[in-house]
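Working notes, structure below.
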2 protein chains.
Amino acid sequence: MELFWLKGYGSTSIADILSRSQVNSGSLYHYFPGKQDLLVAVLESYRDGIGPMLLEPAWAGIDDPIERIFALLAKYRQLIVDTDCSYGCPIGSLALELHEPDPVVRERMVQNFDGWTAAIRDCLEQAKGRLPRALDLQAAAEFVLTVMEGAVMQARTYRDVAFFDRAVAQLRTYFEALTVRETVGA
Amino acid sequence: MELFWLKGYGSTSIADILSRSQVNSGSLYHYFPGKQDLLVAVLESYRDGIGPMLLEPAWAGIDDPIERIFALLAKYRQLIVDTDCSYGCPIGSLALELHEPDPVVRERMVQNFDGWTAAIRDCLEQAKGRLPRALDLQAAAEFVLTVMEGAVMQARTYRDVAFFDRAVAQLRTYFEALTVRETVGA
DNA sequence: GTCTATACCCTGATAGAC
DNA sequence: GTCTATCAGGGTATAGAC
């Protein structure tokens, strides 16, 4: 998991994994028939960790559903800072690194995106009263993922969190504009 | 250029390039000392082609600066459709594939993003009268890139243009909200 | 189930004749 | 400048003793 995140899938060799995990070749291949099976297991682990490893820590002490969305983005900001702006979303990076992924792999990436946007959608459902009735909540949730991924990409390429911050500020403007518009109409 | 786009940098071998280009090893290495030099040349070619290869065709017959932004996004939509939703932005994909890029490579990726956002910024400058005076045009231009990259990533992962379309629709809402807010204030 | 040793292939890069 | 042949190293995966 760590090596695929740090170096990417293609650039991580089995030998890297064996030495990092202090496991021997025979043992690894006993449990995982091939390298791709390891990738699938990693993606499943990310998928199952969205709640306990990502959302719960990010949302501790925060109740407002819209603020939870920005708290999650703040968590990514912290990851960017903690890695000297070389952070890449592990799922997004794999999604772009693997050009013709095996269907099994692509399905696991989809499950990760689905789980992430479902959590955002829940927040939006809870804030429904403050949002335009016509707003497509699913599309808005996907948009948050869109912005996060695009912002992480730029922060990393420029090695500068400010690119992430500016994108999040624009997203904030977007949400404020949505609520303002409703107020105007009322 | 084509192979790096189709397969990624790491998964494209020199042998692939030699057979695709009908060139022999000795000739290639005469002009390009190593594989990375080929990558740098490709990135420079993309950078220099932003105007003639990307913007000019996308903007033919379109004068309104805000519509030019969405015309550019429509061009990406066409690329997604033409590739059966396996399209990846060549720069964005490299930005996430290469985890510790050589400074020379990273600088070329930055130049590509800079050139792209500068063009969007020009559009926004031209539409300045319709936008809130307080709007940070540079940040808004970067936001368009953010959305494009995030939307392309999802369309590809889900193999479904609808994810791209929904993200662009949200961006449209964002721009409309910006102009509406100004109208309200006037 | 775990160990070491290794098969076999493909990689980027080079040598040296022409 | 271009050609063919090849090198040295590292890649995934396997064999077979224990």
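Order of the sequence lines fixes the chain letters, A, B, ..., with proteins taken first and strands second; residue numbering starts at 1 for each chain. As a basis for the values below, the full set of heavy atoms in this structure was taken, side chains included, without hydrogen atoms, waters or symmetry mates.
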Original post:
Roughly, in whole Å, what's the span from CG in A:Asp16 to P in D:dG9?
Top reply: 18 Å

Subject >> Rounded distance in Å - CG (A:Asn24) to C1' (C:dA5) >> reply: 12 Å

**OP:** Could you tell me if the ring centre of A:Tyr174 sits under 6.0 Å from that of B:Phe143?
**Re:** no

**OP:** Decide if atom CE of B:Met53 counts as having more than 12 heavy atoms of other residues, nucleotides or ligands within a radius under 6.0 Å.
**Re:** no

**OP:** Figure out the CG/C1' separation between B:Asp37 and C:dG12, and round it to whole Å.
**Re:** 12 Å

Original post:
What does B:Ser11 touch in the nucleic acid at a heavy-atom separation under 4.0 angstrom: a base, only the sugar-phosphate, or nothing?
Top reply: nothing

Original post:
Roughly how many Å is it from CG in A:Leu18 to P in D:dG10, rounded to a whole number?
Top reply: 15 Å

Subject >> Distance in angstrom units between B:Phe32 CZ and D:dT2 P, rounded >> reply: 12 Å

Original post:
Taking 4.0 angstrom as the limit, do B:Glu107 and A:Arg159 come out as a salt bridge?
Top reply: no

Subject >> Integer-rounded Å distance: C:dC3 C1' and A:Gln22 CD >> reply: 14 Å

I'd like a table of donor-acceptor pairs (distance under 3.5 Å, sequence neighbours excluded) in which one partner is a side-chain atom from residues 39-46 of chain B, with atom names and distances.
{"unit_1": "B:Glu44", "atom_1": "OE2", "unit_2": "B:Arg108", "atom_2": "NE", "d": "2.7"}
{"unit_1": "B:Glu44", "atom_1": "OE2", "unit_2": "B:Arg108", "atom_2": "NH2", "d": "3.0"}

**OP:** Establish, with yes or no, whether the OP1 or OP2 oxygen of D:dG1 is under 4.0 angstrom from a side-chain nitrogen or oxygen of B:His30.
**Re:** yes

**OP:** May I ask you to evaluate whether A:Ser27 reaches the phosphate of C:dG1, defined as a side-chain N or O under 4.0 Å from OP1 or OP2?
**Re:** no

Subject >> Value in whole Å for how far the P atom of D:dG10 lies from NZ of A:Lys7 >> reply: 12 Å

Original post:
How long is the line joining CG of B:Leu38 and P of C:dT11, in whole Å?
Top reply: 15 Å

Subject >> Protein-to-nucleotide contact annotation, 5' to 3' order, nucleotides 13-18 of chain C [B base; S sugar-phosphate only; - none; under 4.0 Å, heavy atom] >> reply: BB----

Which donor-acceptor pairs under 3.5 Å do side chains of residues 22-36 of chain A form with protein atoms, sequence neighbours excluded?
{"unit_1": "A:Lys35", "atom_1": "NZ", "unit_2": "A:Tyr9", "atom_2": "O", "d": "2.9"}
{"unit_1": "A:Lys35", "atom_1": "NZ", "unit_2": "A:Thr12", "atom_2": "O", "d": "2.8"}

**OP:** Have a look at B:Val161 and tell me which of B:Arg166, B:Arg77, B:Gln78 forms a side-chain contact (heavy atoms from CB on, under 4.5 Å) with it.
**Re:** B:Arg77

**OP:** Output yes when B:Glu149 and B:Arg156 qualify as a salt bridge under the 4.0 Å nitrogen-oxygen rule, no when they do not.
**Re:** no

